[in-house]
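Have a look at the structure below, then the notes.
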Amino acid sequence: QVQLVESGGGQVQAGGSLRLSCAASGRTLSIYTMGWFRQAPGKEREFVARISRSSGNTGYADSVKGRFTISRDNAKNTVYLQLNSLQPEDTAIYYCAVSHTIGVIARSQYDYWGQGTQVTVSS
């Protein structure tokens with residue numbers, strides 16, 4: 001009952017920046033936690049960042065901490081991921097996900113997923 005559409009991906013050179021957006025539609029009033037995951041070719045989908053409904057609690061994977069920033073605009077039902085200082089190892093499909101659950105949750109507790117947006121970083 002929630003649909004997610006990611007946008008903002010593209011190709012950049014190492015050291016560059018991108019801002020990803022994920023717009024939610026449908027039963028958006030039930031959304032509490034929003035997050036970003038990524039999946040590189042041949043690898044499992046991995047956690048990148050999460051944010052609570054009030055934006056008071058955020059969490060990041062160690063590999064992106066200090067470089068990526070997650071934020072959300074509840075009036076627009078949108079979550080963002082600012083990617084700075086991009087490196088080739090950041091190349092992946094980035095997925096948006098949302099959950100009805102309050103607090104820190106595991107990947108399996110996310111209820112809806114987007115189709116992903118490609119981020120490619122060249123040396």
Side-chain angles (χ1 to χ4, degrees):
Q1 293 184 314
V2 176
Q3 296 78 45
L4 303 173
V5 179
E6 301 97 335
S7 62
Q11 297 190 37
V12 297
Q13 295 189 22
S17 298
L18 288 171
R19 190 170 90 143
L20 309 182
S21 298
C22 173
S25 61
R27 303 295 298 273
T28 57
L29 291 177
S30 63
I31 297 174
Y32 286 90
T33 302
M34 306 184 83
W36 288 94
F37 294 76
R38 68 185 183 185
Q39 187 168 21
K43 297 184 178 180
E44 295 185 2
R45 192 168 301 185
E46 298 181 338
F47 164 78
V48 175
R50 73 178 92 253
I51 188 168
S52 64
R53 184 177 183 87
S54 66
S55 299
N57 292 303
T58 59
Y60 298 91
D62 289 341
S63 60
V64 306
K65 189 175 183 179
R67 299 189 298 122
F68 294 3
T69 303
I70 189 171
S71 61
R72 66 190 289 175
D73 185 340
N74 291 333
K76 296 182 178 180
N77 296 313
T78 300
V79 62
Y80 306 93
L81 186 68
Q82 179 68 42
L83 301 84
N84 295 329
S85 301
L86 284 164
Q87 300 298 314
E89 54 264 35
D90 296 316
T91 295
I93 300 175
Y94 284 70
Y95 297 90
C96 173
V98 302
S99 176
H100 304 309
T101 304
I102 300 173
V104 178
I105 57 176
R107 189 208 304 178
S108 62
Q109 294 180 278
Y110 284 88
D111 300 297
Y112 302 96
W113 295 81
Q115 295 301 304
T117 184
Q118 177 71 48
V119 171
T120 302
V121 184
S122 302
S123 300

Locate the shortest heavy-atom distance separating [X] from [Y]; write the atom from each residue and the value.
| X | Y | value |
| --- | --- | --- |
| Arg27 | Val2 | O-CG2, 3.6 Å |
| Arg107 | Glu44 | NH2-OE1, 4.4 Å |
| Ser123 | Ala14 | CA-CB, 4.4 Å |

What distance do [X] atom [atom1] and [Y] atom [atom2] have between them, rounded to the nearest 0.5 Å?
| X | Y | atom1 | atom2 | answer |
| --- | --- | --- | --- | --- |
| Ile102 | Arg53 | CD1 | CZ | 9.0 Å |
| Gln13 | Leu86 | CD | CG | 12.0 Å |
| Glu46 | Gln39 | CD | CD | 9.0 Å |
| Arg19 | Leu83 | CZ | CG | 11.0 Å |

What residues form a side chain to side chain donor-acceptor pair (under 3.5 Å) with [X], not counting sequence neighbours?
| X | answer |
| --- | --- |
| Ser85 | none |
| Asn84 | Ser17, Gln82 |
| Ser30 | His100 |
| Gln118 | Thr120 |

Results of side-chain contact (heavy atoms from CB on, under 4.5 Å) for [X] - residues two or more places apart only:
| X | result |
| --- | --- |
| Thr28 | Ala24, Ile31, Asn77 |
| Val119 | Leu18, Leu20, Tyr94, Val121 |
| Ser52 | Ser54, Asn57 |

Spell out, yes or no, whether Leu81 and Ile51 are grouped together once hydrophobic residues are joined by side-chain heavy atoms under 4.5 Å, including indirect joins.
->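 In one cluster: yes.
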Same cluster for Val64 and Ile93 if Ile/Leu/Val/Met/Phe/Trp/Tyr side chains link at under 4.5 Å?
->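 Different clusters.
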For Ser99 and Thr33, indicate whether the former's side chain and the latter's backbone hold a donor-acceptor pair under 3.5 Å.
->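 No, the answer is negative, given that no donor and acceptor are paired below the 3.5 Å cut-off.
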Donor-acceptor pair, Gln115 side chain versus Val5 backbone, under 3.5 Å?
->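 Looks like no, no N/O pair under 3.5 Å.
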Are any of the side-chain heavy atoms of Val79 and Ile70 separated by less than 4.5 Å?
->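 Yes - at least one pair of side-chain heavy atoms lies under 4.5 Å apart.
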Selection residues 30-79 - residue pairs positive for ring pair (Phe, Tyr, Trp, His ring centres under 6.0 Å), sequence neighbours left out |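 Qualifying pairs, neighbours excluded: Phe37-Phe47, Phe37-Tyr110, Phe37-Trp113.
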Could you walk me through whether Leu4 and Val98 pass the side chain to side chain contact (heavy atoms under 4.5 Å, CB included) check?
-> CA-CA 9 Å; Leu4 303 173; Val98 302; 3.8 Å; yes
Salt bridge (charged side-chain N to carboxylate O under 4.0 Å, His left out) contacts touching residues 68-89 (sequence neighbours left out) =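 Salt bridge (charged side-chain N to carboxylate O under 4.0 Å, His left out) check on residues 68-89 returns no pairs.
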If a pair satisfies disulfide (SG to SG under 2.5 Å) and one of its residues is in residues 29-74, list it, with sequence neighbours excluded.
->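 Sorted result for residues 29-74: empty, none.
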Give every residue pair that meets the disulfide (SG to SG under 2.5 Å) criterion with at least one member in residues 48-123, sequence neighbours excluded.
->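 Found Cys22-Cys96.
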Test salt bridge (charged side-chain N to carboxylate O under 4.0 Å, His left out) applied to Arg38 - qualifying residues, sequence neighbours left out =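 Once residues adjacent in sequence are excluded, the partners of Arg38 under the salt bridge (charged side-chain N to carboxylate O under 4.0 Å, His left out) criterion are Asp90.
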